[in-house]
**Student:** 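Have a look at the structure that comes next, please.
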2 protein chains.
Amino acid sequence: MEFLDALSQQLGPGAVIHPGEGMASYLTERRGLFADRPVRAVLRPADSAGVAATVRMCAQQGVAIVPQGGNTGLCGGAAATDGGEAIILSLERLNRIRAVDADNFSLTAEAGCRLSAVQAAAAAVDRLFPLSYAAEGDCQIGGNLATNAGGMNVLRYGNARDLTLGLEVVLADGRIWNGLRALRKDNSGYDLKDLFIGAEGTLGIITAATLKLFPAIRERATAIVGLESAESAVALFGILRAESGDTVTSCELMGRQPLAFAIDYAEGCVEPLPAAYPWYLLIELTSSGHEVQLGRRLERALSAAPAGIGDYRIADNADEAAAFWRLRNGIPGAQKGAGASVKNDISVPVADMPGFIDAAGAVVRDACPGVRVCAFGHIGDGNIHFNLTRPETMDDADFLAEWDELTQQVHDVVMTYNGSFAAEHGVGQLKPGEVSRLKDPVEQDLMRRLKSALDPAGRLNPGKVVPPAED
Amino acid sequence: MEFLDALSQQLGPGAVIHPGEGMASYLTERRGLFADRPVRAVLRPADSAGVAATVRMCAQQGVAIVPQGGNTGLCGGAAATDGGEAIILSLERLNRIRAVDADNFSLTAEAGCRLSAVQAAAAAVDRLFPLSYAAEGDCQIGGNLATNAGGMNVLRYGNARDLTLGLEVVLADGRIWNGLRALRKDNSGYDLKDLFIGAEGTLGIITAATLKLFPAIRERATAIVGLESAESAVALFGILRAESGDTVTSCELMGRQPLAFAIDYAEGCVEPLPAAYPWYLLIELTSSGHEVQLGRRLERALSAAPAGIGDYRIADNADEAAAFWRLRNGIPGAQKGAGASVKNDISVPVADMPGFIDAAGAVVRDACPGVRVCAFGHIGDGNIHFNLTRPETMDDADFLAEWDELTQQVHDVVMTYNGSFAAEHGVGQLKPGEVSRLKDPVEQDLMRRLKSALDPAGRLNPGKVVPPAED
């Protein structure tokens, strides 16, 4: 295979992995939906010039490229489609922090830096890089940007997109666009960076990014609140944002069902309040200031809070706060203990969350009597993981056979609220069908025009995000 | 003129203004650089469907369109280029607030709503729409988005782009893209909205937007600080962000020269501190909380502050705070009293601000001995208005004849800091030459590809933002 030999020579030792040479970890895929798809090779250039050379040579040869970061995505964006003719381009060796500028509240990291390494580089200069979620020790910043990752702190700090000042991108023809500007205001041309963020490698390959930093957190207050209804959660969220001086960093809604799963199946999870409630809110306020007395402010807001608020408990110390977070973080694993589940990653406007939960719940219970709705997520972002666990008496396989139907029914309800059927995990190769089914044809046409403008030959991550045109 | 008659019939009475029928206000232009350019007509549709019909008919007839909001821009983006063959499409009649959702911290406004009307609609439900600058009573939200407006509160809340959740846009062929989603997380496709924001109407015409709101401000603390150097301003900014719990909303740097101009020429401006300093910082902290004691926190941060901080004064009351702000807001007008000036709207990384001021100052003093550097602006954004007032002994006209040369020399220094030559006022028809001269050819090529993909016939605001291709 001449072309791979030429690339191997250009990129140096260890840069080309052929089939049978230990590429298994690049072909795994967390949900197992797109695992072990064969590819011609895995290419591991060491720098942006190497990425550019790889893309240029693939363009000349007509070879499709699947860019890959930490390979922790859930929608198959970093896995090949069927066919075996593509190569995987791993960014993992581009793992340098190029610059940290505490005065400018910014740093520049290469795409293959782990999220946890970016967080650590910020912390070393008493700054915070706020993007945070469960996979942070494995996922890479390039993948975070390619999927516009969300996570726990979006409410306060925004998605990955909002945290980005500039990008370096290798284009479909192998040219490098150097847009690594560290500026807060720049209106000297079109906003190119936001085109590549969230495009899952279909418009260009992000090789480095200049990111926003914030003052490091010095104080924190954490509470768990029992609620009579999801409506009270929406009301409480608004009050807390205002009363706390907009210091709410996390506001996680949990139904009784997922909380009960966590208590039953997850390590170290116990009933958090004397009584059980239909809904719970896990609230965290943070501040970079000294003696801000967040706990006292949280207490005052909760004690004066509106109807529908039941018991609450403000953590006395870090251990107790960790116990509250264990409940929230234990849910995804605990769900497995209760049987197979169908996941939905959706968002609606915050105020429509209660209505959506009721309407979608009715639809799925009708379609699958006995299904256990396991709703939890980021209420401040209107982003709920509306997961469905199989009825107690149903077979896992029988239930999973209904995945597409149940998911489509949930998405149909989402669309009546002008919501999103792909809130924080992206489209990948899991949901282009839903893009085609649910998105306005005008919007699909715009997406195709952009794809044609930036990747006319369609070699960058084909089969992802953009559905094929109907003719 | 058949086509205008047909449009007049379709759009209803008062929608078409012909030359000689009172179109002067649409042809004014604040700086007088692009004023009174003739056009075939001014069209004033009343709703999005009317905008779409206008664009469709112009597309059929091959007529160029100049979209116009409040017509307050400084770079000629809303003025026609030479030729007289274009029409102006005013969005002023699209002035409805379509929805306000306090629980979702969002509202939806049509493009022709004045910025002050959007602010008022938010305030009516105890929320804040933070975009704010001098023209807020005249400018329109559609223009704010088309130019990605900045202003006084960017440091805390971001530019217009950061405040936008969704858009409705009329495309070059007259189709309407309805992207008015009120979601905090949506990764269901490419990020289309950010393509139109800041594109100055060259890729599509924004007809409505869903905007982010924040809790209303309840407490405020304002101070003015004398400083020995611009370096101390950078250091103080970092300390204040951290110590104040990131509640710094404004952080305005002023050189002694512009402050002296304000004291000499602007109404009600007096020396703010007992001694004079080379630099001043106007600081404002705000919070939506009760009893946050921002003044006490500001006092503590300033009294413990680093080297180079001189006298400071924290406003005792709203009147005193207003007096500090009068100094800052008086500068642009006061400059006129001191003679002609050349304006530069540039940005660099915050930490490079002092170096830039020194380097650019040396360059312009060398090019024009006796020139008075009048540097002031938003240090937290790295955005400084590096304005140059003529030497005391020079003629206004002689000085203005040097505009292009001085500006280019300043921009050359900006580029050595990887900065922007168009920070918050956009490119319009004033700076496409600088785009061509200073931007990476790869970036220019990307801009042209996007323009071709979305406006292949080049009828949307031609001659703005994108420089013609070199052949």
Side-chain angles (χ1 to χ4, degrees), chain A residues 101 103-104 147-148 150 154 159 175 177-178 181-192 194-195 197-199 214-215 234 238 241-246 287-289 292 297 347 349-351 381-383 418-424 426-427 435 439-440 442-443 446-447 449-450 453-454, chain B residues 101 103-104 147-148 150 154 159 175 177-178 181-192 194-195 198-199 214-215 234 238 241-246 287-289 292 297 347 349-351 381-383 418-424 426-427 435 439-440 442-443 446-447 449-450 453-454 465:
Chain A
D101 182 347
D103 281 338
N104 194 48
T147 58
N148 186 26
V154 171
N159 296 288
R175 289 180 300 168
W177 170 52
N178 181 353
R181 292 187 278 264
L183 306 174
R184 307 284 160 162
K185 286 185 178 171
D186 178 20
N187 282 313
S188 62
Y190 294 155
D191 176 32
L192 301 176
D194 283 307
L195 206 54
I197 297 170
F214 295 82
V234 171
R241 263 194 85 172
E243 294 294 323
S244 72
D246 226 356
S287 173
S288 65
V292 186
R297 284 155 76 180
S347 68
V350 173
D381 313 321
N383 173 212
N418 207 3
S420 172
F421 54 85
E424 63 173 0
V427 175
V435 172
K439 265 198 193 280
D440 178 1
V442 173
E443 186 157 338
L446 286 171
M447 287 172 64
R449 282 177 190 230
L450 295 174
L454 296 186
Chain B
D101 183 346
D103 281 339
N104 194 49
T147 57
N148 186 26
V154 171
N159 295 288
R175 288 180 300 167
W177 170 52
N178 181 353
R181 290 186 281 264
L183 306 174
R184 307 286 159 162
K185 287 186 179 172
D186 178 19
N187 283 313
S188 63
Y190 295 154
D191 175 34
L192 301 176
D194 284 307
L195 206 54
F214 294 82
V234 170
R241 264 195 85 172
E243 293 293 324
S244 73
D246 225 357
S287 173
S288 65
V292 187
R297 283 154 77 180
S347 68
V350 174
D381 312 321
N383 173 213
N418 206 2
S420 172
F421 55 85
E424 62 173 2
V427 174
V435 172
K439 265 198 193 282
D440 177 1
V442 173
E443 186 157 338
L446 286 171
M447 287 173 62
R449 282 176 189 233
L450 294 175
L454 296 185
V465 186

**Student:** Counting only non-hydrogen atoms closer than 4.5 Å, does R175(A) touch chain B with its backbone (N, CA, C, O), its side chain (CB onward), both, or neither?
**Tutor:**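 Just its side chain gets close to chain B.
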**Student:** Are L446(A) and Y190(B) close enough that some pair of their side-chain heavy atoms sits under 4.5 Å apart?
**Tutor:**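 A side-chain contact is absent here, since even the closest heavy-atom pair is not under 4.5 Å.
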**Student:** Looking at S287(A), A423(A), A351(A), A199(A), which has the largest count of heavy-atom pairs under 4.5 Å with chain B?
**Tutor:**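 Ranked by contacts with chain B, first place is A423(A).
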**Student:** Quick one: of G289(B), A182(B), P349(B), who has the most non-hydrogen atom pairs under 4.5 Å with chain A?
**Tutor:**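 Ranked by contacts with chain A, first place is P349(B).
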**Student:** Between V435(A), N178(A), D440(A), V154(A), which residue shows the highest count of heavy-atom pairs closer than 4.5 Å to chain B?
**Tutor:**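 Result: the option with the highest number of such pairs is V154(A).
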**Student:** Return the option, out of L195(A), V234(A), N104(A), with the maximum number of heavy-atom pairs under 4.5 Å with chain B.
**Tutor:**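 So the answer, after comparing L195(A), V234(A), N104(A), is N104(A).
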**Student:** Side chain from CB out, backbone as N, CA, C, O: work out which of these in D194(B) comes under 4.5 Å of a heavy atom of chain A, or both, or neither.
**Tutor:**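 Contact with chain A involves both backbone and side-chain atoms of D194(B).
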**Student:** Would you find a donor on one side and an acceptor on the other, under 3.5 Å apart, between the side chain of S420(B) and the backbone of D186(A)?
**Tutor:**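 No, S420(B) side chain to D186(A) backbone: no donor-acceptor pair under 3.5 Å.
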**Student:** Considering only heavy atoms from C-beta outward, does the side chain of S188(A) approach that of K439(B) to under 4.5 Å?
**Tutor:**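 Yes, at least one pair of side-chain atoms sits under 4.5 Å.
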**Student:** Side chain, backbone, both or neither: which part of D101(A) has a non-hydrogen atom closer than 4.5 Å to chain B?
**Tutor:**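 For D101(A), the side chain is the part near chain B, not the backbone.
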**Student:** Does any heavy atom of chain B fall under 4.5 Å from the side chain of N418(A), the backbone, both, or neither of them?
**Tutor:**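 Contact with chain B is through both the backbone and side chain of N418(A).
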**Student:** So which of G382(A), G238(A), A242(A) has the biggest tally of heavy-atom pairs under 4.5 Å with chain B?
**Tutor:**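 Option with the greatest count: A242(A).
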**Student:** May I ask you to name which of R449(B), E443(B), M447(B) has the most heavy-atom pairs under 4.5 Å with chain A?
**Tutor:**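 Sorted descending by pairs with chain A, the first entry is E443(B).
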**Student:** Can you tell which of E424(B), R241(B), R184(B) has the highest number of heavy-atom pairs within less than 4.5 Å of chain A?
**Tutor:**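 Sorted descending by pairs with chain A, the first entry is R241(B).
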**Student:** State, yes or no, whether a side-chain contact exists between L450(B) and L450(A) at a heavy-atom distance under 4.5 Å.
**Tutor:**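 Yes; the side chains approach each other to less than 4.5 Å.
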**Student:** From R181(A) CZ over to S347(B) OG, what is the distance, rounded to the nearest 0.5 angstrom?
**Tutor:**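 Those atoms lie 9.0 Å apart.
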**Student:** Is the backbone of N148(B) close enough, under 3.5 Å, to the side chain of N187(A) for a donor and an acceptor to pair up by distance?
**Tutor:**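 Side chain of N187(A) to backbone of N148(B): a pair is present.
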**Student:** Under a 4.5 Å heavy-atom cut-off, does chain B meet the side chain of N159(A), its backbone, both or neither?
**Tutor:**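 Contact with chain B is through the side chain of N159(A) alone.
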**Student:** With sequence neighbours excluded, what pairs up with F421(A) under the ring-ring contact (aromatic ring centres under 6.0 Å, His included) test?
**Tutor:**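 H411(A).
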**Student:** Quick one: of D381(A), D246(A), D103(A), who has the most non-hydrogen atom pairs under 4.5 Å with chain B?
**Tutor:**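 Most heavy-atom pairs under 4.5 Å with chain B: D381(A).
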